[in-house]
2 protein chains.
Amino acid sequence: MSMEFLWGARAQPTRGPKPSLTLLQITDAAIAVADAEGLAAVSMQRVSAELGFTKMSLYRYLPGKGELVALMAERAIGTPPPPNPGDWGAALREWAHGLLTAYLRHPWALEATVGPRPLGPHELGWLECALTALADTGLSGSERLDAIAVLAGHVRMIAQQAAAMRDPDAQFSAGVVAVLAEHGDRFPLLAATMAAVAVEGGQDQAFEFGLDRILDGLQTLIASRRKALR
Amino acid sequence: MSMEFLWGARAQPTRGPKPSLTLLQITDAAIAVADAEGLAAVSMQRVSAELGFTKMSLYRYLPGKGELVALMAERAIGTPPPPNPGDWGAALREWAHGLLTAYLRHPWALEATVGPRPLGPHELGWLECALTALADTGLSGSERLDAIAVLAGHVRMIAQQAAAMRDPDAQFSAGVVAVLAEHGDRFPLLAATMAAVAVEGGQDQAFEFGLDRILDGLQTLIASRRKALR
DNA sequence: TGAAACAGTGTCCGGTGGACACAATTAGGG
DNA sequence: CCCTAATTGTGTCCACCGGACACTGTTTCA
């Protein structure tokens with residue numbers, strides 16, 4: 001998975017037959033497969049068949065599958081929302097919402113962006129966008145990066161949870177409830193909490209809840225920093 | 001990946017040859033491989049070879065690879081720290097530290113616990129432990145679960161970051177710096193921030209930073225709830 | 001009009017998870 | 001006491017995966 005591939009301008013050659021495909025076509029076909037059947041269904045075979053070619057032809061456009069997945073992720077994550085000058089809290093809110101929307105639209109993007117990997121332009125664009133929001137907060141450089149990391153981590157966690165809910169089998173709550181029916185005595189608080197949640201209803205506020213807590217915590221820090229400066 | 005497998009008491013049969021292996025032996029062998037070479041190196045072939053058997057023999061003990069990974073994850077995550085009555089903040093701090101320690105000790109446990117999956121006893125034990133800490137906070141059931149989710153998400157994000165740093169190739173900062181040297185003009189704030197961080201030094205506070213922010217945010221909410229009750 | 005560069009195909013390889021039939025082993029019941 | 005039934009471990013087979021490589025055809029520049 002070379003870094004140059006995501007960033008380098010691939011100068012098209014002049015000699016030889018015209019390529020029948022485009023990186024964009026290939027990436028879109030792969031994304032279509034992933035949207036419909038998940039990232040596991042994306043194989044060189046499958047993607048090339050979707051385009052009417054053999055799998056080895058794809059290697060004329062891509063060094064390997066890793067680069068394909070990286071391109072898919074870049075395209076899925078898209079471009080960040082326009083900067084919202086002034087209110088850093090509202091800007092980060094919008095940022096987190098946008099990121100979550102992208103992850104919800106392409107749930108496989110979560111799997112495609114785990115672990116050490118070369119970062120693409122879009123991904124750095126999101127980073128830059130969040131840094132713009134934090135520009136006038138008085139935080140240090142590493143604090144800003146850490147704050148963004150916390151937010152991004154929350155967004156990813158929520159997106160994972162949402163994907164788990166969408167999955168027909170292995171329903172989280174159903175599975176836990178079934179287990180608690182048998183071994184509830186080993187987890188009394190959990191059993192009580194699940195029962196309480198079932199009565200309360202409206203438990204889809206997880207994203208906003210965490211977002212509020214994190215932004216509140218940041219607000220506390222930023223306020224104290226500003227007071228110290230004065 | 002059946003739920004019963006992680007929870008059910010597998011009654012041993014009486015007739016037939018004595019089994020040469022144990023689920024525990026198999027799991028430990030797989031964990032040893034994963035610790036040394038990552039989760040990708042864990043295959044039925046590899047694990048069985050490590051034990052001196054053929055791969056198909058493992059299927060006498062496990063329905064499939066999914067169950068093996070689930071057992072590995074359960075064993076890697078271990079048991080939660082003892083409850084710390086009184087101070088919910090300190091208890092959650094300890095909880096998060098313990099979880100992070102487990103993830104740092106077995107980095108592959110991150111990959112092994114993504115996506116919808118049956119939750120094992122240990123995993124529910126950690127949940128129960130965190131709920132114990134939140135028992136007297138006046139939060140609602142879903143709020144407690146959401147708070148735990150935010151914390152767990154932060155721990156996982158930090159562990160992922162640490163694993164990415166450990167990885168010799170695809171060094172995050174090095175790769176970003178290299179890209180910024182070329183395209184820094186497209187990401188001015190990011191370039192400036194990276195430069196500032198390099199001067200500041202000591203950027204390993206990401207975990208504590210996020211933990212502080214989240215706990216601060218929770219503190220704000222809990223205080224307001226208590227004031228409202230009074 | 002070559003010759004060089006490039007596109008797409010076919011074949012092969014080692015690896016994966018897993019189904020299935022089989023021989024070997026063991027314990028319980030007649 | 002022995003035989004039958006249950007269970008273990010093995011060997012073979014399959015489909016699929018990512019990828020290396022040689023090859024044929026096509027296109028364009030010198």
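Basis for what follows: all heavy atoms, side chains included, without hydrogens, waters or symmetry-related copies.
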Quiz item: Is the shortest heavy-atom distance from the side chain of A/Leu39 to the side chain of A/Met72 under 4.5 Å?
Solution: yes
Practice problem: Return the minimal non-hydrogen interatomic distance between B/Pro82 and B/Glu94, and the atom names on each side. | Solution: O-OE2, 4.5 Å
Exercise. Hey, can you tell me if B/Phe187 and A/Trp7 have their rings parallel, tilted or perpendicular (30° and 60° cut-offs)?
Key: perpendicular
Quiz item: What pairs of residues pass the side chain to side chain donor-acceptor pair (under 3.5 Å) test when at least one of them lies in residues 65-74 of chain B, not counting sequence neighbours?
Solution: none
Quiz item: Is a donor on one side and an acceptor on the other found under 3.5 Å between the side chain of B/Glu50 and the backbone of B/Ala30?
Solution: no
Quiz item: Which residue lies toward the 5' end of DNA chain D, A/Val42 or A/Met56, if each is placed at its nearest nucleotide?
Solution: A/Val42
Practice problem: Can you tell me the distance, in whole Å, between the CZ atom of B/Phe53 and the P atom of C/dT25? | Solution: 14 Å
Quiz item: Between A/Lys18 and B/Lys55, which is nearer to the 5' end of DNA chain D once each is assigned its nearest nucleotide?
Solution: B/Lys55
Quiz item: What integer distance in Å separates B/Lys65:NZ from C/dA19:P?
Solution: 15 Å
Quiz item: How is B/Ser43 classified with respect to the nucleic acid when contacts are heavy atoms under 4.0 Å: base, sugar-phosphate, or nothing?
Solution: sugar-phosphate
Practice problem: Kindly check if the number of other-residue, nucleotide or ligand heavy atoms within 6.0 Å of CD (B/Glu208) is above 12? | Solution: yes
Exercise. With DNA chain C as reference, determine whether A/Thr54 or B/Pro17 sits nearer its 5' end, using the nearest nucleotide of each.
Key: A/Thr54
Quiz item: Distance check: side-chain N/O of B/Gln45 vs OP1/OP2 of C/dT16, anything under 4.0 Å?
Solution: yes
Quiz item: Going 5' to 3' on DNA chain D, which nucleotide is the first and which the last to come under 4.0 Å of a heavy atom in chain A?
Solution: D/dC17 to D/dC29
Quiz item: How long is the line joining CZ of B/Arg15 and C1' of C/dG28, in whole Å?
Solution: 5 Å
Quiz prompt | Nucleotide C/dA21, atom P - distance to CZ of B/Arg60 in whole Å | solution = 12 Å
Exercise. Indicate whether OP1 or OP2 belonging to C/dG28 is found under 4.0 Å from a side-chain N or O atom of B/Thr14.
Key: yes
Practice problem: Return the nearest nucleotide to the side chain of B/Tyr59; candidates are C/dT25, C/dG18, C/dA5. | Solution: C/dG18
Exercise. Check side-chain hydrogen bond (donor to acceptor under 3.5 Å, both in side chains) between A/Glu37 and all other residues, then give those that pass, not counting sequence neighbours.
Key: A/Arg46
